[in-house]
Amino acid sequence: MKKPDRRSVLSAAAALSALPVSALAAPKQPVVQPVTTASAPSLAPRERILFDFDWRFALGHAADVNRDFGFGRDQKTYAKQGNGQVAEPSTADFDDHLWQPVDLPHDWAVGLPFARNDYFIPPQNPEDGDPGAGHGYKAIGRRFPENSIGWYRKGFELQPGDADRVLTLEFDGVFRDSLVILNGYVLTRHESGYTPFSVDITNYINPQGPNILLVRVDASLGEGWFYEGAGIYRHVWLVKTDKVHVPQWGLCVRGETSGAISLEATLKNASASPRAVDLVTDIYDREGRAVASVTSTAQLDAYGESQVSQASHLAAPKLWSLDDPHLYTARCEIREAGKTLDVSTVRFGLRDIRFDAKEGFFLNGKWLKLRGANNHEDHAGVGTGVPDALHHWRVKQLKDMGANIWRCAHNMPNEAILEACDELGMLVIDETRLMTATPEGLSQLATLIHRDRNHPSVILWSIGNEETAQQGTERGLKIALDMRRLIKSLDPTRPITAAMNHYQGQGLTPALDVMGFNYHESSIEPFRKLYPDMPIVGTETASAVSTRGEYVRDEVKGYVRAYDLDAPSYALTASAWWSLYDAKPYLAGGLVWTGFDYRGEPTPFNRWPEISSHFGILDTCGFPKDIYYYYKSWWQSAPVLHLLPHWNWTGSEGKTIDVWAYSNLDKVELFLNKRSLGVQSVPKDGHVQWSVPFTPGELVAYGFKGDKVVMKTARRTAGPATRLSITSDRAGLRTDGQDVALIRAELFDAQGTALPTADNLIHFSLSGPARIAGVGNGNPTSLEADKASSRHLFNGLAQAVVRARRGSVGAPVIVTATTDGVPAARLTLTSLPG
Ligand code: GAL
């Protein structure tokens, strides 16, 4: 068992008081290591320790006790507590050195082999395609009991004095059905793979150590119809507080654009005596300046909880907006007779939202067309085990394209996504997984609201998606009304939607504030006649399909053309849906299915060996497809001029190629080898195109504003590769064990033209405090391993996800890539403080 890191003796509260106030506005709470010195200094009021490191992982077995570390042997799992009978690894002397060392976030499914797997979704209609396609064909689920149970084990020690505190483990998300066992005690079982949960471990710790934490994760069943991963794929935290403290999500701040702020705090007293305390709340702006302070007193019963309401007013409020997402931080300190018992912080923003049935959507009183995308959470190389920095990067890609809204399909998201949306200025539709008002369903919904209601980015709660069995029924209405009552009791400030694909106007409609349309644009006008006062948002639009870098449909390989031409029968191409939504002011806006390709649901082929979707505007690596530039043309104002396809059609000389340009300029003139092929005016929300007989050389487009050329872009026929290039999305990596750099590999010819169809095998290696967390190339039919250090280019590109290790600042990370026939490529990432 590895001992905790002894280097840092900084406590969270010490950090808070020692730092300049500006540090308080930092996005995350300080992450500290446990103090293990014998004579501990006085304890910090609160520590929130990232518990992502130094885990060991092994696969168990869903059908064989002996291969499942004795779990369930002789039916003794729950017979006695604390005696190690629950499973062999729960004892301190269990030898786990053969288990795999892992850091969180971790998805074990992404490392499994691909296999035809028809367990998850039985085919309702065999013509829909191969059912195993939905989850991305990983060898997991009931047919693969040997791959469907994961055991995580971590030893840790505590500080002197911890025995007198309240200790809580917070799990941000485990897929799924997890059992948490500490020192031989089964502490909790949590089935949902999407909601966070916590467990009070105070009574079960060994203050003198060692403590053995075990988590058994059973991913035999799925919850969705898309790839869902497996394991502890979000953070784990150990939170240490005084007996008097603010519990998880115990702060709720509401700010108005006038500057009025109200704060509700839950104060918990886990001690045996009543307590009289002060709650001192200081509010800091983004620059760390204190802008308000309010103090209240509270009487807390022994083992009781109290709500404290505070109000304040900011003299010069700065609003949270998409262009300037100003975030404030409230720092709440509980004091008793001058002593600080607890310090917790929460970020919030001041903004005002309004949906209108005739005019659409308003943010801070300004009209805004909502335009964005739905997304699942997985990424190439890492599956659902996506580090925060990568979530941030993904949100930024859509922001840069001009998107202003992100729908978390179809489950409570990783909070890192909401933090990125808060920071970058991206609105969010936040959706619960289960549309049901059972205790479990309402508890999942309550968790969603409690955790997410302080995020200014969240503007709509979604209670469900395409609930075909209930959305049009009386029963569906009853359930939706119960869900509505709960939401309004916890957050009366945000409207409620449901993403419906039929029966808009019937069934659960009266439970909604905003109607969500998934496709079915022809039902919009009839719905408006029935519900003229209900605003409408296109919760799902498009579902158009394209494969990055492919321009001819290939039935055998399973590729779709990257022109904006293909969509399933229920769906529309990008230009079809966007011109429709753009033209109707009463439609608040729409969200494309999807921003990024994701594993599973490989429409339109839906068959082995298609492992990922074709819906994305960007592929699974986040490499933009051509359609990215369509949206960028019409969703933001900087000039765009993009030509497709590539110009490497050797062997097709004389054959007519359709050349398209996406642009928001007035006109585009196309030249082939310096000969003009004509000028065309760009129609609003459209594109321009030419039919061009292929001749190798240079295709050049000039974009005009009025009569002035303001942009030029070219596609050249590339020759043989002479250079391998790797580039990184960032120059440095924080040595915090979590930061991520995305390395892009591609080949160039002697003239510097990228090879658009290259498929070379690239080998990545590195030195320094980082590791290759996975690789990808966006090919929806690739059965190459993600957990590897080599990958073929797919249409010219491959990606390595490089994840920082914890280490001392100074040693750079040197990434090297090699392939046959050209010199190696190398880049250096500086290491930055964690
Ligand atoms: C929708 C559904 C999405 C996804 C999409 C594919 O009906 O809500 O989850 O399956 O279709 O087009």
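All ligand and atom numbering here is 1-based and tracks the order in the structure. Any value given below was found using the heavy atoms of this structure, including those in side chains, with hydrogens, waters and symmetry copies removed.
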request  = Indicate yes or no: does R484 engage D513 in a salt bridge with an N to O separation below 4.0 Å.
outcome  = yes
ask   = Got a sec, which residues hit salt bridge (charged side-chain N to carboxylate O under 4.0 Å, His left out) with K584, two or more places apart in sequence or on another chain?
value = E525
Filter the ligand 1-protein atom pairs down to N or O on both sides and distance under 3.5 Å, then list them.
{"unit_1": "ligand 1", "atom_1": "7 (O)", "unit_2": "E466", "atom_2": "OE1", "d": "2.5"}
{"unit_1": "ligand 1", "atom_1": "7 (O)", "unit_2": "E466", "atom_2": "OE2", "d": "2.6"}
{"unit_1": "ligand 1", "atom_1": "8 (O)", "unit_2": "N465", "atom_2": "OD1", "d": "3.4"}
{"unit_1": "ligand 1", "atom_1": "8 (O)", "unit_2": "N465", "atom_2": "ND2", "d": "2.9"}
{"unit_1": "ligand 1", "atom_1": "8 (O)", "unit_2": "E466", "atom_2": "OE2", "d": "3.4"}
{"unit_1": "ligand 1", "atom_1": "8 (O)", "unit_2": "E540", "atom_2": "OE1", "d": "3.2"}
{"unit_1": "ligand 1", "atom_1": "8 (O)", "unit_2": "E540", "atom_2": "OE2", "d": "2.8"}
{"unit_1": "ligand 1", "atom_1": "9 (O)", "unit_2": "W225", "atom_2": "NE1", "d": "2.9"}
{"unit_1": "ligand 1", "atom_1": "9 (O)", "unit_2": "H410", "atom_2": "NE2", "d": "2.6"}
{"unit_1": "ligand 1", "atom_1": "10 (O)", "unit_2": "W225", "atom_2": "NE1", "d": "3.3"}
{"unit_1": "ligand 1", "atom_1": "10 (O)", "unit_2": "E601", "atom_2": "OE1", "d": "3.0"}
{"unit_1": "ligand 1", "atom_1": "10 (O)", "unit_2": "E601", "atom_2": "OE2", "d": "2.7"}
{"unit_1": "ligand 1", "atom_1": "12 (O)", "unit_2": "S543", "atom_2": "OG", "d": "2.6"}
{"unit_1": "ligand 1", "atom_1": "12 (O)", "unit_2": "Y570", "atom_2": "OH", "d": "2.4"}

request  = Just grab all the ring pair (Phe, Tyr, Trp, His ring centres under 6.0 Å) pairs involving residues 523-556, residues at least two apart or on different chains.
outcome  = F517-F527, F527-Y531, Y551-Y563, Y551-H646
key: R494: side chain to side chain donor-acceptor pair (under 3.5 Å) partners, not counting sequence neighbours   = D491
query = Parallel, tilted or perpendicular: which fits the ring planes of H376 and Y598, with parallel below 30° and perpendicular above 60°?
reply = perpendicular
ask   = Would you call D786 and R599 a salt bridge, taking side-chain N to carboxylate O under 4.0 Å as the test?
value = yes
